[in-house]
Amino acid sequence: MFALVDCNNFFVSCERVFRPSLIGRPVIVLSNNDGCAVALSNEAKALGFRRGDPYFKIKTEAERHGVVAFSGNHRLYGDMSARVMTVLRQEAIDLEVYSIDEAFMHLDPAIEDFADYGRRIARRVRRDTGIPVSLGIADTKTLAKVGARFAKKYPGYQSSCVIDTDEKRVKALSLTDIGDVWGIGRRNKRRLIEQGIVTALQFARLERESVRQTFTITGERTWRELNGEACIPSDWTAPDKRTITSSRSFAHDIYEIEELRQAMCAFATILGRKLREQNSYALEMTAYIATNRFNERAPQYTNSASITLPEPVSDTPAIAHAAIALLNRIWRRGYGIKKAGITITRLTTAEGRQPSLFADVNDLAKRDRLMAALDSINSSPGSPDRVRLAALGNGLKDITRREHASRLFTTRLDDIITINCKP
DNA sequence: TCTGGGGTCCTAGGACCC
DNA sequence: TCTGGGGTCCTAGGACCC
């Protein structure tokens with residue numbers, strides 16, 4: 001049996017752990033650059049606000065309703081996520097961390113009362129981390145997802161919904177909209193509704209062959225899972241990434257290449273750290289810049305350029321150097337750049353890394369040691385990013401918007417909450 | 001003024017091979 | 001008039017996920 005554990009309104013819940021007065025009040029968390037609402041409390045949803053709403057469009061209305069908005073504090077969310085996963089790992093035979101706020105637990109089949117087990121897990125996570133979660137328990141991951149929706153939606157389940165008989169399965173699927181099924185996106189939802197398929201049950205009762213023809217093998221897999229056949233493979237540990245991107249939208253249009261160089265250095269810094277975290281090296285890189293696609297009056301310009309490097313790299317200076325060379329190729333004076341980014345691809349491990357024919361092997365080893373030293377200093381408590389590229393300047397700080405930031409309650413000494421107990 | 005960021009997998013079609 | 005059969009590799013684009 002699988003249990004899908006889903007953190008409720010995760011980013012909002014993280015903020016509420018450290019500001020409990022926000023429980024019961026409408027809260028939203030914004031995307032980077034304070035652009036869109038990406039997480040909403042139930043109270044905010046009840047007011048009609050939706051995930052993806054551009055903040056500038058809803059700001060006045062939100063403030064009128066007393067909605068509290070936060071800029072995304074992803075270091076905090078990452079740390080809170082790790083706490084939740086630690087608790088779950090102690091309770092499961094195996095744990096697959098699926099995303100920052102979701103994980104699949106592999107359950108001991110000998111458990112007698114799965115519903116009760118699920119409620120106990122939810123209580124323990126709440127007690128140990130402050131984060132409310134919902135569990136769906138079933139034979140397949142897709143059905144577990146269906147269960148978790150019910151657990152979240154109806155308080156009667158007390159955060160835990162089990163689908164362990166065919167009767168429950170049929171009933172749950174008949175009450176689930178086809179678009180709410182894991183694996184059915186916007187596009188396929190529309191195609192199915194055009195065919196008159198509105199519920200998950202109707203989809204599950206289609207002919208297997210016709211599902212495969214229309215929706216290829218991914219659609220067929222969803223169909224099999226809904227019919228009780230577990231066929232989504234398990235990943236015990238997150239596999240190494242095959243591509244890594246770092247990109248941002250900016251608060252204002254950027255006309256000066258110097259500012260874009262700083263942004264590229266910031267992306268390179270992020271990419272270098274992520275590469276070294278998974279012990280990989282990148283052979284190929286693409287940089288891109290784009291004007292504001294929503295501003296129809298302004299002249300539009302997007303361009304990108306790629307380079308295959310002479311040898312796989314993971315050191316920040318090399319990445320930044322290549323990124324700036326690419327920027328010089330694509331930048332045009334006179335366009336207000338609103339968004340930029342770098343993607344690195346063709347990642348290899350240290351073992352698979354082939355230096356260029358003319359590389360100085362001693363120099364490679366030296367660069368590895370330099371980065372190891374830099375990472376060690378920058379990851380020590382109290383001194384994040386103490387050593388950085390001079391060309392980074394202020395990085396993204398001055399060019400992205402972050403007007404509603406909360407504190408780094410769990411990872412920065414200065415930000416730890418102090419509680420004054422008056423006698 | 002103002003609209004996110006980061007991924008994976010699958011397929012079709014082109015280029016190329018014998 | 002008429003033009004095989006079988007395969008690999010790569011890429012772009014579409015669909016999905018959080």
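So you know, we letter chains A, B, ... as the sequences are listed, proteins then strands, and number each from 1. These numbers were taken from a predicted model, which means no experiment stands behind them.
Checking each of A:Leu76, A:Asp415, A:Ile416 against A:Phe409 for a side chain to side chain contact (heavy atoms under 4.5 Å, CB included) leaves exactly one that passes, namely A:Leu76.
Between A:Lys339 and B:dG5 there is a side-chain N or O to OP1 or OP2 distance below 4.0 Å. The phosphate of B:dT3 (OP1 or OP2) has a side-chain N or O of A:Lys338 nearer than 4.0 angstrom. Listed pair A:Asn33 / B:dC2 fails the phosphate criterion, with no side-chain N or O lying under 4.0 Å from OP1 or OP2. Taking only side-chain nitrogens and oxygens, A:Thr243 comes nearer than 4.0 Å to OP1 or OP2 of B:dT8. Neither OP1 nor OP2 of C:dA15 sits under 4.0 Å from any side-chain N or O of A:Thr216. Taking only side-chain nitrogens and oxygens, A:Ser31 never comes nearer than 4.0 Å to OP1 or OP2 of B:dT3. The side chain of A:Arg248 contributes an N or O atom lying less than 4.0 Å from OP1 or OP2 of B:dG6.
Atom OH in A:Tyr77 sits roughly 17 Å away from atom C1' in B:dG6 (whole-Å rounding). The separation between A:Tyr55 atom OH and B:dT1 atom P is 17 Å, rounded to whole Å. As a whole-Å value, the separation of A:Ile28 CD1 from B:dC2 C1' is 14 Å. Residue A:Lys141 contributes atom NZ, which lies 16 Å from atom C1' of C:dC16 at whole-angstrom precision. The CD1 atom of A:Ile344 sits 15 Å away from the C1' atom of B:dG5 (whole-angstrom rounding). Remark: C1' of C:dG14 and NZ of A:Lys189 are 19 Å apart, rounded to the nearest angstrom. Atom CD in A:Glu102 sits about 17 Å away from atom P in C:dC16, given to the nearest Å. Rounding to whole angstrom units, CD of residue A:Glu284 and P of C:dT11 are separated by 7 Å.
The nucleotide whose nearest atom lies closest to any side-chain atom of A:Lys145 is, among B:dC2, B:dG5, C:dC18, C:dC18. Distance from the side chain of A:Trp182 is smallest for C:dC18 among the nucleotides B:dG4, B:dT3, C:dC18. When distances are taken from the side chain of A:Asn32 to each of B:dG4, B:dT3, C:dC16, the shortest belongs to B:dG4. In the set C:dC16, B:dT3, C:dC17, C:dC17 carries the atom at the smallest distance from any side-chain atom of A:Tyr98. Checking B:dT3, C:dC18, B:dT8 against the side-chain heavy atoms of A:Lys241 singles out B:dT8 as nearest. Proximity note for A:Thr245 (side chain, C-beta onward) versus B:dG7, C:dC17, B:dG4: the nearest is B:dG7. The side chain of A:Ser99 lies closest to C:dC18, out of C:dC18, B:dG7, B:dT3.
Side-chain atoms of A:Glu284 do not come within 3.5 Å of backbone N or O of A:Ile344 as any donor-acceptor pair.
Using a 4.0 Å heavy-atom distance criterion, A:Leu30 is classed as making no nucleic acid contact. Among the heavy atoms of the strands lying under 4.0 Å from A:Val181 are primed sugar atoms or P, OP1, OP2 only; no base atom is included. Within 4.0 Å (heavy atoms only), A:Ile217 reaches sugar-phosphate atoms of the nucleic acid but no base atom. Heavy atoms of A:Asn188 sit under 4.0 angstrom from primed sugar atoms or phosphate atoms, though from no base atom. Residue contacts for A:Asp53: at a heavy-atom cut-off of 4.0 Å it reaches no nucleic acid atom on any strand shown.
Residue A:His252 qualifies as open at atom NE2: its count of foreign heavy atoms under 6.0 Å is 12 or below.
Remark on DNA chain B: of its neighbouring residues A:Lys274 and A:Cys36, the 5'-side contact belongs to A:Cys36, judged by nearest-heavy-atom nucleotide. Across the interface with DNA chain B, nearest-nucleotide mapping of A:Ser249 and A:Arg242 shows A:Ser249 to be the residue nearer the 5′ end.
A salt bridge does not link A:Glu277 with A:Lys274: every distance from a Lys NZ or Arg NE/NH1/NH2 to an Asp or Glu carboxylate oxygen is 4.0 Å or more. Looking at A:Glu311 and A:Arg353, no side-chain N of the basic residue comes within less than 4.0 Å of a carboxylate O on the acidic one, giving no salt bridge. Classification of A:Asp79 and A:Arg75 as a salt-bridged pair fails, no side-chain N sitting under 4.0 Å from a carboxylate O.
Using a 4.5 Å heavy-atom threshold, the side chains of A:Gln202 and A:Ile178 count as separate.
Taking atom P on both C:dC18 and B:dT3, the two are 25 Å apart, rounded to the nearest angstrom.
Interface remark: the A:Arg51 side chain does form a donor-acceptor pair with the B:dG4 base, using a distance-only criterion of under 3.5 Å.
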